[in-house]
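One structure below.
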2 protein chains.
Amino acid sequence: MHSHAAHDHREPTGKALTSAAQKTLEAAGEQWTAMRQRIFEVLATFDKPASAYDIAEAVSKAEGRRVAANSVYRILDLFVGANLARRVESANAYVANSHPGCLHDCIFLVCDSCGQTTHLDDDAITASVRGVATGAGFSPKRPVIEVRGTCADCEDPD
Amino acid sequence: MHSHAAHDHREPTGKALTSAAQKTLEAAGEQWTAMRQRIFEVLATFDKPASAYDIAEAVSKAEGRRVAANSVYRILDLFVGANLARRVESANAYVANSHPGCLHDCIFLVCDSCGQTTHLDDDAITASVRGVATGAGFSPKRPVIEVRGTCADCEDPD
DNA sequence: CATTATATGTGATATTGTAACGTCGCGGGT
DNA sequence: ACCCGCGACGTTACAATATCACATATAATG
């Protein structure tokens, strides 16, 4: 996937991904706490965007104690700020960034049927989006590019 | 603005816009009721994206009776479906479509500081977004392209 | 007019997101 | 060791956004 990118995106998984996330967060001058690790791990295991409440529920179950959505939001905000996670605006949900530390604007393909969300990078497109914004006298900070539609599996279930 | 579009976009305002909206909705086989007109008018007078609750409140005040958010959502959904209005996903809010009847994918520039939102059309960009989605085996239905940032006025207040 | 479909009203409830404030543990200064 | 300040997290309350179920009203149709 996104093999068109100029640089290679090997996607770390499991422990490697968590470890990469830790390095990135610490490099940003933030602490890597047990709670943050737990939330990152849970987020990373979801196969589709997870809401803060989804995560709170999953963590609560895993820890055997109540974890409030509140706390999850705080940590998700931190993750988004440090590029460990992304918010999918059209789904009110979050996904782990599979290559933290590299900070593309990104494109999400969100299936209306199953919720599966694919992450693409296409610097040409995102640059042109920023370009038209700038051309209109606007200072772009965060392009939100998401495509709602139907994924291959739902479109054509063999 | 968006003078690059292949066809002319004169932007109807006030009564002309309402009338254009009516024609479009009726052409879609839906009724143009007093309630729908009221909601469209109120939406069109907002100078920035309005939430369903903003609209419910404004209509309630204008009508001197309680109009529930519920009813507003129903009508907004209808409007979005008929292209009379658009939802700004990253703001949980809606804007009137200033040229109903013509249905571009569109690009919103949303100012994080003042909320002002500018609507651009750029068919080259939206086509390329749909293109990468299709290239990934995805069937795009509704691209969501929004740019969060700072508008000219907030960036550089003379 | 009677029948049916569509539109709206109403209250309840679910989901998503923030605010305010308290507690705990950790590190630095004294 | 003690105090202090700070960041992380817990806890409660609440605000904002969104949907559901069902009643009523209004419009379209025969």
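Sequence lines set the chain letters: A, B, ... in the order given, protein chains first and strands last, and positions in each chain run from 1.
- The distance from atom CD of E30(A) to atom P of dC9(D) is 10 Å, rounded to the nearest whole Å.
- Separation of atoms CZ (R86(B)) and CD (E146(B)) is listed at 11.0 Å; rounding is to 0.5 Å.
- Rounded to the nearest 0.5 Å, atoms CD1 (I107(B)) and OG (S128(A)) are 7.5 Å apart.
- OP1 or OP2 of dC9(D) has at least one side-chain nitrogen or oxygen of T33(A) nearer than 4.0 Å.
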Nucleotide-resolved protein contact map, nucleotides 13-30 of chain D, B/S/- at heavy-atom distance under 4.0 Å: ----BBBBB-----S---
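- Partners of F138(B) by ring-ring contact (aromatic ring centres under 6.0 Å, His included), not counting sequence neighbours: none found.
- For S71(A), no side-chain nitrogen or oxygen approaches OP1 or OP2 of dC9(D) to under 4.0 Å.
- For the side-chain contact (heavy atoms from CB on, under 4.5 Å) test, residues two or more places apart in sequence or in another chain that qualify with R36(A) are L25(A), E30(A), Q31(A), T33(A), I75(A), L78(A), F79(A).
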Per-nucleotide protein contact string for nucleotides 23-29 of chain C (B base, S sugar-phosphate only, - none; heavy atom under 4.0 Å): -------
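- Evaluation of the ring-ring contact (aromatic ring centres under 6.0 Å, His included) rule for Y94(B) yields no partner, not counting sequence neighbours.
- A salt bridge links R87(A) with E89(A); the closest basic N to acidic carboxylate O contact falls under 4.0 Å.
- A straight line from CG of L76(A) to C1' of dT18(C) spans 14 Å, rounded to a whole angstrom.
- E57(B) comes within 4.0 angstrom of nothing in the nucleic acid, heavy atoms only.
- Residue-level contact check: R66(A) touches the bases, meaning some heavy atom is under 4.0 Å from a base atom.
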CA sep, side-chain torsions, deciding dist, call: I145(A), V129(A), side-chain contact (heavy atoms from CB on, under 4.5 Å): CA-CA 9 Å; I145(A) 307 179; V129(A) 170; 3.8 Å; yes
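- Residue V144(B) belongs to no hydrophobic cluster, having no ILVMFWY side-chain heavy atom closer than 4.5 Å to its own.
- Summarising the geometry, the separation between CD1 on I75(A) and P on dT18(C) is reported as 15 Å, rounded to the nearest angstrom.
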